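Residue numbers begin at 1 in each chain, while the letters A, B, ... track the order of the sequences. Source: prediction; values computed, not measured.
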Amino acid sequence: MIQLIRGFKDILPEEIMLWQHIEIQASVLLENFGFREIRIPVMERTELFARSIGEDTDIVEKEMYTFPDRKGELITLRPEATASVVRAYIQHRMYNPDPVQKLYTIGPMFRRERPQKGRYRQFYQIDAEVFGVESPLIDAQMIHMLTTLFSRLNITDCTAHINSLGCPACRPEFKAALMQKLTDRMDRLCEDCQRRSVKNPLRVMDCKVPSCREALTDIPSLLNYLCPDCKIHFETVRSQLDTLQVKHEIDRHLVRGLDYYTRTAFEIQTGLLGAQSAVVGGGRYDGLVKALGGPDIPGIGFAIGFDRLAELASRSMPGIAKKPNLFIAALGNAAQLKAFEWVSQLAVSGIQAEMDMSNRSLKSQMRQADRLGSSRVLIVGEQELENQSAILRDMTDKTQISLPFEGLVEKLHSILNSLG
RNA sequence: GUGGGUGUAGCUCAGUCGGCAGAGCACCGGGUUGUGGCCCCGGUUGUCGAGGGUUCAAUCCCCUUCACUCACCCCA
């Protein structure tokens with residue numbers, strides 16, 4: 001048997017109802033907030049990701065599906081969506097005439113990591129980006145939008161964490177101070193942190209190894225190093241979250257892995273997904289559009305882990321199944337042909353009807369109807385053919401009425417529609 | 001990339017200290033020659049994850065490999 005690729009998965013029909021539900025809730029909400037959908041390709045030139053995500057990140061260094069196409073050009077299966085959305089924004093000059101654009105997209109991403117709970121090599125994200133808004137109000141609005149989505153999906157046990165990463169004006173100073181501490185304490189840091197100290201010192205702050213945390217209890221807080229502009233920005237985000245009554249925590253350890261983030265960084269975290277605590281990650285990236293060759297326009301965005309969100313949502317919303325409106329049980333060939341006709345006509349008119357095509361006993365057809373959850377069964381056999389009228393059984397209260405063949409489909413249509 | 005756990009029927013899992021492969025659920029049929037759920041009776045289902053080795057004999061022991069799973073790393 002040929003099995004699917006490691007870390008990939010099928011989303012089966014039983015799960016799809018939930019996925020569609022989430023997708024609808026998310027897109028309705030996003031559109032109410034002024035976002036428009038954009039669809040972008042799943043592959044891009046490798047260079048796009050290398051330049052936007054950062055050469056030294058784990059994603060670019062070892063997690064991307066990169067290969068040469070037939071002409072030898074390096075292309076990559078997208079590991080995230082932001083880079084592509086920014087590319088599209090620039091390429092189609094969407095900033096002209098109005099730099100403000102709110103875009104969202106839903107689709108699969110690919111990273112070649114070792115799979116585990118809540119982590120797949122092909123996974124789905126709901127991604128939203130806002131370009132051209134420098135105001136911190138948009139930061140607060142996006143976080144508010146997310147918590148609203150979560151509550152609409154009946155997801156609790158999640159917390160919004162926020163932090164500020166500063167900007168090119170103030171981060172270097174902080175980085176220098178941090179490096180100083182790290183160098184002093186190098187011998188007390190774990191191996192990973194020693195490596196990180198050089199490559200990406202900010203990441204040392206969210207190390208979970210107890211000895212590292214202990215060694216660094218007195219590291220400087222980035223929040224104390226923020227320049228006046230960043231400080232005001234962050235405080236406005238906080239106060240507006242309070243205004244909107246969005247519960248959130250300041251998390252000084254929150255550092256996003258991708259190079260392009262500036263100022264506000266946020267995550268929505270849960271304790272219900274094993275080691276994968278982040279369900280949403282996002283933040284501001286004021287320099288990215290310019291870095292990718294566009295005008296100097298600020299941006300902010302987030303990515304929701306769809307698989308993780310679905311996992312959480314399924315706990316409060318188990319098993320939504322689609323049931324047929326009607327099952328037609330037919331006995332004998334002539335009756336079966338009648339049923340066949342009716343099923344097709346009903347389907348065309350918007351009613352989901354089911355039938356058995358293998359000419360089984362009435363008992364087994366009734367059993368099948370029951371299993372499918374059909375609330376009504378139309379029975380047609382030799383007697384009914386003689387009388388030219390079929391029996392409609394209500395499976396809940398077991399009552400049966402007789403319906404003449406003449407005008408049957410119309411009649412069923414009105415009966416079943418009035419049931420809702 | 002590193003480490004732990006698990007692979008037996010469609011599903012959940014027993015089992016054999018090496019000797020013909022099991023249960024529950026599900027499915028199919030019957031009890032009711034044309035009426036579902038509950039009940040009763042009967043039936044189908046397996047390369048015992050794959051390959052190799054040891055053995056008279058391997059699902060069981062050994063090696064290899066693949067997959068799943070959890071954790072580290074990292075992230076959604």
Side-chain angles (χ1 to χ4, degrees), chain A residues 1-9 14 53 56-64 78-82 106-128 146 190-193 195-196 199-200 203 206-209 254-258 266-270 273-283 301-312 327 329-332 335 356 358 360-385 390-400:
Chain A
M1 185 182 57
I2 297 174
Q3 291 208 339
L4 86 181
I5 304 171
R6 173 165 214 198
F8 287 58
K9 69 167 181 174
E14 290 75 41
I53 299 169
D56 291 334
T57 57
D58 281 15
I59 293 179
V60 172
E61 268 186 354
K62 53 189 192 195
E63 294 172 3
M64 296 202 305
R78 63 179 183 193
E80 54 115 44
T82 302
I106 302 177
M109 308 296 156
F110 305 84
R111 289 182 204 173
R112 201 184 177 293
E113 299 174 88
R114 189 82 166 251
Q116 73 186 68
K117 189 177 182 65
R119 195 171 72 189
Y120 309 96
R121 288 179 174 184
Q122 174 175 335
F123 57 101
Y124 295 77
Q125 288 188 340
I126 300 171
D127 187 88
L146 284 164
C190 70
E191 256 179 54
D192 288 321
C193 282
R195 186 170 45 80
R196 280 191 281 246
K199 258 177 58 176
N200 195 345
R203 293 224 64 94
D206 68 352
C207 182
K208 288 143 206 143
V209 176
L254 177 62
V255 180
R256 317 250 55 246
L258 284 43
F266 57 90
E267 280 188 4
I268 293 185
Q269 299 179 0
T270 179
L273 291 176
Q276 311 313 314
S277 57
V279 186
V280 179
F302 63 70
I304 305 174
F306 203 132
D307 314 71
R308 293 178 185 178
L309 187 66
E311 165 80 31
L312 293 177
F327 187 92
L331 298 161
D356 169 69
S358 58
R360 296 197 290 172
S361 70
L362 180 60
K363 176 173 180 162
S364 81
Q365 292 191 52
M366 292 299 290
R367 211 167 17 220
Q368 189 183 353
D370 185 56
R371 190 169 49 234
L372 292 172
S374 179
S375 62
R376 306 275 163 136
V377 176
L378 189 76
I379 299 167
V380 50
E382 279 173 33
Q383 284 170 36
E384 288 72 27
L385 285 173
I391 297 169
L392 182 65
R393 178 179 176 84
D394 183 320
M395 295 294 269
T396 314
D397 63 20
K398 302 183 183 187
T399 56
Q400 302 191 161

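The interatomic distance linking A/M395 (CE) with B/G37 (P) rounds to 9 Å, in whole Å. The interatomic distance linking A/E14 (CD) with B/A26 (C1') rounds to 14 Å, in whole Å. Across the protein-nucleic acid pair, A/K117 atom NZ and B/C75 atom C1' stand 16 Å apart, rounded to whole Å. Rounded to whole Å, atom P of B/C75 lies 18 Å from atom CG of A/D307. Atom C1' of nucleotide B/G36 and atom CZ of A/R376 are separated by 15 Å, given to the nearest angstrom. Separating the CG atom of A/D356 from the P atom of B/U35 is a distance of 16 Å, rounded to the nearest angstrom.
Nucleotide B/C61: paired with B/G53 (Watson-Crick or G-U wobble, both distances less than 3.5 Å). The partner of B/G36 is absent, by the rule that a Watson-Crick or G-U pair needs both atom distances under 3.5 Å. In this structure, B/C68 and B/G5 make a Watson-Crick or G-U wobble pair, each of the two defining distances being under 3.5 angstrom. Using the Watson-Crick or G-U wobble rule with both distances under 3.5 Å, B/C11 pairs with B/G24.
Listed nucleotides B/A71, B/C75, B/G1 differ in distance to A/R111; the shortest reach to its side chain belongs to B/C75. Of the candidates B/G34, B/A76, B/G29, B/G34 carries the atom nearest the A/L362 side chain, counting heavy atoms from C-beta on. Of the candidates B/A76, B/U35, B/A71, B/A76 carries the atom nearest the A/E113 side chain, counting heavy atoms from C-beta on. With B/A71, B/U35, B/A76 as the choices, the nucleotide that has an atom nearest any side-chain atom of A/M366 turns out to be B/U35.
Salt-bridge formation is detected for the pair A/E113/A/R119: a Lys NZ or Arg NE/NH1/NH2 atom is positioned less than 4.0 Å from an Asp or Glu carboxylate oxygen. Ionic pairing of A/K398 and A/D394 is not present here: no N-O contact between side-chain nitrogen and carboxylate oxygen is shorter than 4.0 angstrom. The residues A/D307 and A/K9 are annotated as salt-bridged, a charged nitrogen and a carboxylate oxygen being separated by less than 4.0 angstrom.
For B/G29, the OP1/OP2 oxygens have no side-chain nitrogen or oxygen of A/S361 closer than 4.0 Å. The phosphate of B/U35 has neither OP1 nor OP2 within less than 4.0 Å of any side-chain N or O from A/R367. Listed pair A/R119 / B/U69 fails the phosphate criterion, with no side-chain N or O lying under 4.0 Å from OP1 or OP2. Applying the 4.0 Å criterion to OP1 and OP2 of B/A71, one finds that A/Q116 has a side-chain N or O inside that range.
Comparing A/G274 and A/S277 by the nucleotide of RNA chain B whose heavy atom lies nearest to each, the residue mapping closer to the 5' end is A/G274. Each of A/K363 and A/I391 lies near RNA chain B, and the nucleotide nearest A/K363 is the one positioned closer to the 5' end.
For B/G36, its base never sits under 3.5 Å from the side chain of A/R371 at any donor and acceptor pair. Between the side chain of A/R114 and the base of B/U2, a donor-acceptor pair under 3.5 Å is found. A donor-acceptor contact under 3.5 Å is formed by the side chain of A/E384 with the base of B/G34. Side-chain to base pairing of A/Q400 with B/U35: one donor and one acceptor N or O lie within less than 3.5 Å of each other. For A/R308 against B/C75, a side-chain N or O and a base N or O form a donor-acceptor pair under 3.5 Å.
Using bins of under 30°, 30° to 60° and over 60° for the plane-to-plane angle, the ring pair A/F110/A/F8 lands in the tilted bin.
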